[in-house]
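So the structure is just underneath, and the comments pick up after that.
Proteins get letters first, then strands, A, B, ... in listed order; numbering begins at 1 in each. Model, not experiment: these values are computed from the prediction.
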Amino acid sequence: MVRRRDRGIFARIYAVVRMIPHGQVATYGQIASIVADPQAARTVGWALSGLSEDARVPWHRVINARGRISLRQHPGAAEKQRVLLEHEGIVLDRHGRIDLETYQWEGLDWPAIEALHTAWEKEPPGP
DNA sequence: ACAATGACATAAG
DNA sequence: GCTTATGCCATTG
């Protein structure tokens with residue numbers, strides 16, 4: 001359950017996800033590539049699953065490589081994610097697919113993320 | 001240390 | 001395009 005162990009790869013994953021701009025999306029594999037291994041995608045999903053509700057992480061902007069929502073276990077959550085995405089202006093086709101060519105975040109290298117995240121911690125946005 | 005688990009990714013049928 | 005099978009990584013019992 002994550003506890004206070006957000007020091008390692010988890011913290012880096014959250015940092016990257018926080019930098020995904022409004023109205024854009026990133027894939028699990030993409031985030032994994034930035035924080036560590038291109039093949040630690042499952043770990044990214046695992047990290048997000050342990051988020052608390054007030055974690056200030058835009059988890060809904062993370063989707064799978066096919067451009068679709070990966071939440072199958074709790075159907076309500078998938079629905080919620082879709083609503084959140086549409087609320088940001090992201091269009092899903094009738095199959096619930098997102099066009100990555102249009103909405104995928106270009107991404108940043110880790111040093112850039114780290115710098116931005118440091119600033120974020122200094123002056124967290126929102127309430 | 002080993003086996004199982006999970007919001008993945010990719011290849012194959 | 002969907003379903004299976006296999007590979008990967010970090011965490012947990």
Side-chain angles (χ1 to χ4, degrees):
Chain A
M1 305 305 187
V2 185
R3 316 215 276 241
R4 48 193 180 267
R5 247 221 185 292
D6 319 278
R7 301 268 170 273
I9 192 169
F10 279 46
R12 297 203 299 273
I13 290 172
Y14 299 148
V16 175
V17 176
R18 287 198 180 101
M19 295 313 145
I20 303 174
H22 181 282
Q24 293 185 38
V25 297
T27 69
Y28 297 94
Q30 179 184 0
I31 293 168
S33 302
I34 295 173
V35 302
D37 267 294
Q39 307 196 277
R42 298 197 72 154
T43 303
V44 174
W46 191 89
L48 296 184
S49 71
L51 281 173
S52 54
E53 303 171 2
D54 59 336
R56 294 165 175 246
V57 175
W59 55 270
H60 56 280
R61 296 179 190 146
V62 185
I63 59 181
N64 65 27
R66 308 254 169 65
R68 299 201 290 186
I69 292 172
S70 281
L71 296 163
R72 328 178 168 203
Q73 301 212 327
H74 311 287
E79 184 77 4
K80 177 177 163 191
Q81 181 170 8
R82 198 200 71 208
V83 171
L84 286 171
L85 290 170
E86 291 179 328
H87 193 263
E88 295 192 354
I90 295 175
V91 177
L92 289 80
D93 66 17
R94 57 181 171 176
H95 304 299
R97 211 176 77 260
I98 294 170
D99 183 8
L100 291 177
E101 290 293 325
T102 301
Y103 297 105
Q104 184 170 25
W105 178 41
E106 314 93 352
L108 296 168
D109 53 15
W110 173 244
I113 298 281
E114 190 175 35
L116 288 171
H117 190 252
T118 298
W120 183 92
E121 284 180 319
K122 259 185 172 179
E123 193 130 357

A:Ile20/A:Val17 under side chain to side chain contact (heavy atoms under 4.5 Å, CB included): CA gap, chis, key distance, verdict
CA-CA 5 Å; A:Ile20 303 174; A:Val17 176; 4.1 Å; yes
If I pick the P atom on B:dA7 and the same atom on C:dG13, what distance separates them, to the nearest angstrom?
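Roughly 16 Å separates the two P atoms.
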P atoms of C:dC8 and B:dA12, separation to the nearest Å
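It comes out at 15 Å once rounded to the nearest Å.
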For a side chain to side chain contact (heavy atoms under 4.5 Å, CB included) check, start with the C-alpha distance between A:Val91 and A:Thr102, then their side-chain angles and the critical distance, and finish with the verdict.
CA-CA 10 Å; A:Val91 177; A:Thr102 301; over 6 Å; no
Hey, could you give me the CE/CD distance between A:Met19 and A:Glu114, rounded to the nearest 0.5 Å?
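Atom-to-atom, A:Met19:CE and A:Glu114:CD are 11.0 Å apart.
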So if I apply the side chain to side chain donor-acceptor pair (under 3.5 Å) rule between A:His60 and each of A:Gln81, A:Glu88, A:Lys80, which one comes out positive?
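Among A:Gln81, A:Glu88, A:Lys80, the one that satisfies the side chain to side chain donor-acceptor pair (under 3.5 Å) with A:His60 is A:Glu88.
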When the distance from [atom1] of [X] to [atom2] of [N] is rounded to whole Å, what number comes out?
X: A:Ile31; N: B:dA9; atom1: CD1; atom2: P; value: 9 Å
X: A:Leu100; N: B:dA9; atom1: CG; atom2: P; value: 10 Å
X: A:Ile63; N: B:dC8; atom1: CD1; atom2: C1'; value: 13 Å
X: A:Gln30; N: B:dT10; atom1: CD; atom2: P; value: 12 Å
X: A:Arg68; N: C:dC2; atom1: CZ; atom2: C1'; value: 9 Å
X: A:Ile13; N: C:dC8; atom1: CD1; atom2: C1'; value: 13 Å
X: A:Gln39; N: C:dC8; atom1: CD; atom2: C1'; value: 6 Å
X: A:Asn64; N: B:dC8; atom1: CG; atom2: P; value: 7 Å

Closest to the A:Asp37 side chain: B:dT10, C:dC9, B:dC8?
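The answer is C:dC9.
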Among C:dA10, B:dT10, B:dA7, which nucleotide sits nearest the side chain of A:Phe10?
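Looking only at heavy atoms from C-beta outward on A:Phe10, the closest nucleotide is C:dA10.
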For DNA chain C, which residues in residues 80-97 of chain A have a heavy atom at a distance below 4.0 Å?
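The answer is none.
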Report, one pair per line, the protein and nucleotides 2-6 of chain B atoms (nitrogen or oxygen only) whose separation is under 3.5 Å.
unit_1, atom_1, unit_2, atom_2, d
B:dG6, N9, A:Arg42, NH2, 3.3
B:dG6, N7, A:Arg42, NH2, 2.9

Whether A:Arg61 engages the ring of A:Trp105 as a cation-pi pair (distance to the six-membered ring centre under 6.0 angstrom, angle to the ring normal within 45°) should be assessed.
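Verdict for A:Trp105: no cation-pi partner in A:Arg61.
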Who pairs with A:Ser52 by side-chain hydrogen bond (donor to acceptor under 3.5 Å, both in side chains), at least two apart in sequence or on another chain?
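In terms of side-chain hydrogen bond (donor to acceptor under 3.5 Å, both in side chains), with neighbours along the sequence ignored, A:Ser52 is linked to A:Asp54.
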Just say parallel, tilted or perpendicular for the rings of A:Phe10 and A:Tyr14, cut-offs at 30° and 60°.
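Answer is perpendicular, since the angle exceeds 60°.
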Could you please spell out the steps behind the side chain to side chain contact (heavy atoms under 4.5 Å, CB included) verdict for A:Trp59 and A:Leu84?
CA-CA 10 Å; A:Trp59 55 270; A:Leu84 286 171; 3.9 Å; yes
Let's go through A:Ile113 and A:Val35 carefully: what are the C-alpha distance in whole Å and the side-chain angles of both, what is the deciding distance for side chain to side chain contact (heavy atoms under 4.5 Å, CB included) to 0.1 Å, and is it a yes or a no?
CA-CA 9 Å; A:Ile113 298 281; A:Val35 302; over 6 Å; no
Counting any heavy atom closer than 4.0 Å, what does A:Arg72 reach on the DNA or RNA strands: base, sugar-phosphate only, or nothing?
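The residue A:Arg72 makes no contact with any strand.
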